[in-house]
Protein chains: 2
Amino acid sequence: MNAPLPRDPIADAQRNWERHGWGDVAAPMAAITAIMRTQQILLARIEGALKPFGLTFARYELLALLSFARSGALPMNKASALLQVHPTSVTNAVDRLEKAGLVVRSQHPTDGRTTLIELTAEGRTLAKSATAVLNTEVFSQSGFADRDVDQLIRILGDFRRGAGDFSE
Amino acid sequence: MNAPLPRDPIADAQRNWERHGWGDVAAPMAAITAIMRTQQILLARIEGALKPFGLTFARYELLALLSFARSGALPMNKASALLQVHPTSVTNAVDRLEKAGLVVRSQHPTDGRTTLIELTAEGRTLAKSATAVLNTEVFSQSGFADRDVDQLIRILGDFRRGAGDFSE
DNA sequence: GCAATATACTAGGACATCCAAGGGTTTGGA
DNA sequence: TCCAAACCCTTGGATGTCCTAGTATATTGC
């Protein structure tokens, strides 16, 4: 962990942008850069909390998704769509989860192209434990004020809708 | 590009959290997940805009940082600190930028441990072009309302300070 | 019914990030 | 003075993400 910088590097970048004649886009640039950095910080915290479980965030997300599915099983393509990641990323995650005995692949009953991912009992237990740790160690101490959390959900929700993530 | 989902998957996740007794952390969970997804969308846009230049975002950030340095040169460790990435990531980026003729490594005049990274003329030109495209194609059409941009800068700035990024 | 098109998953490759470890250089205290 | 500790960069390995192709299965249209 590095020592804090004396000054905010993103605010510096914003000033540089303004100084070089890009004042009209300096603010969005700073906001976007801040999102990049914030994501990086949060991801590191999450990965740290999950490490004792032998899970990464990508694998945890898949486990959590499955644990909320009624039947405990989902087609790969459904998981890819809901997690909003590339199909090959799901293949990768399932490979490792399967090797760890947390999920199993099975054939879709009617569509021969489709592979179902299903939680094992072990996977379900681990998902529950990991969720509890994540909630108490990361989400409950996010570092955001309650009011800011609501603002973020609203602002980023608008953005994601505008970007075509969902229609609703 | 996938078709929009009928419903916001993050709002669904938030409901799942509440339904399973984690209502007190459901909102921060949703906010954090939204940051993850937003970062992914923005990164994809940025990478798309930079692709014609043969640059990735990581390499562009380094070029831009150097172009704002008075002397056009920075020690590797300084770049690592300002970009807030691991030293090995800087090594990786410099390797590729150097191979592309956009930067050169040189010895520090007094400290034998330190390596300086310096922009070439070509690198400086490319940085300028790439910045112009990024500004007009991404930052000027961020998809955030002006008021929301200010909110984001403030909220994420508070967060980053709290996370120890800077003291100021 | 059959060929053309669409869909689902996987294999291989390019990149980026982090961690752990190693070799060279400086600094600072005994 | 001199050696241990601190610092700087690089190498090698693990992960994750995306893209492009390739194989297999479904669906559609004639």
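Proteins get letters first, then strands, A, B, ... in listed order; numbering begins at 1 in each.
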From the options D:dT15, D:dC19, D:dT10, select the nucleotide whose nearest atom is closest to the side chain of A:H86. D:dC19
In whole angstroms, the gap separating P of C:dC9 from CG of A:L62 amounts to 12 Å
Could you state the CG-P distance from B:L50 to D:dC18, rounded to the nearest angstrom? 17 Å
Could you check whether B:T91 gets within reach of a base, just the sugar-phosphate, or nothing at all, counting any heavy atom under 4.0 Å? base
Could you check A:T88 against A:K51 and say which one's nearest nucleotide on DNA chain C is further toward the 5' end? A:T88
Closer than 4.0 angstrom, basic N to acidic O: yes or no for A:D12 and A:R15? yes
Rounding to an integer number of Å, can you tell me how far B:K78 NZ sits from D:dC9 P? 12 Å
Using only heavy-atom distances, determine whether the side chains of B:N16 and B:W22 contain a donor-acceptor pair under 3.5 Å. no
Among the candidates C:dC18, D:dT17, D:dT15, find the nucleotide nearest to the side-chain atoms of A:R59. D:dT15
Within this structure, what is the CG-CG distance for the pair B:L65 and B:L83, rounded to the nearest 0.5 Å? 5.0 Å
Please determine, for the side chain of B:T56, which listed nucleotide (D:dC18, C:dA16, C:dT10) has the closest atom? C:dA16
Proximal nucleotide (of C:dT17, C:dC9, D:dT17) relative to the A:N92 side chain: D:dT17
Let me know the distance between CG of A:L82 and P of C:dA8, rounded to the nearest Å. 13 Å
With 3.5 Å as the limit, what N/O pairs link the protein to nucleotides 22-26 of chain D?
| unit_1 | atom_1 | unit_2 | atom_2 | d |
| --- | --- | --- | --- | --- |
| D:dT25 | O3' | A:G112 | N | 3.4 |
| D:dA26 | OP1 | A:G112 | N | 2.6 |
| D:dA26 | O4' | A:R113 | NE | 3.3 |
| D:dA26 | O4' | A:R113 | NH1 | 3.4 |

Need one value for A:Q40: base, sugar-phosphate or nothing, where a base atom within 4.0 Å counts as base even if backbone is also close, heavy atoms only. sugar-phosphate
Could you check whether any side-chain N or O of B:S67 sits under 3.5 Å from a backbone N or O of B:A127, counting only pairs where one atom can act as donor and the other as acceptor? no
Given that A:R96 and B:D95 both sit by DNA chain D, which one's nearest nucleotide is further toward the 5' end? B:D95
Output the rounded distance in Å from CG (B:L116) to C1' (D:dC9). 13 Å
B:R105 CZ to D:dC9 P: how many Å, rounded? 10 Å
Contact check, side chains of B:L116 and B:Q107, non-hydrogen atoms, under 4.5 Å: no
N-O pairing of A:D165 and B:R7 below 4.0 Å: no
Using the salt bridge (charged side-chain N to carboxylate O under 4.0 Å, His left out) rule, take A:D158 and A:R154 through it: C-alpha gap first, then chi angles, then the decisive distance, then the call. CA-CA 6 Å; A:D158 287 350; A:R154 201 266 306 158; 3.1 Å; yes
Rounded off to whole Å, could you give me the CD-to-C1' distance for the A:Q107 and C:dC9 pair? 11 Å
Whole-Å distance separating the CG atom of A:L83 from the P atom of D:dG16: 13 Å
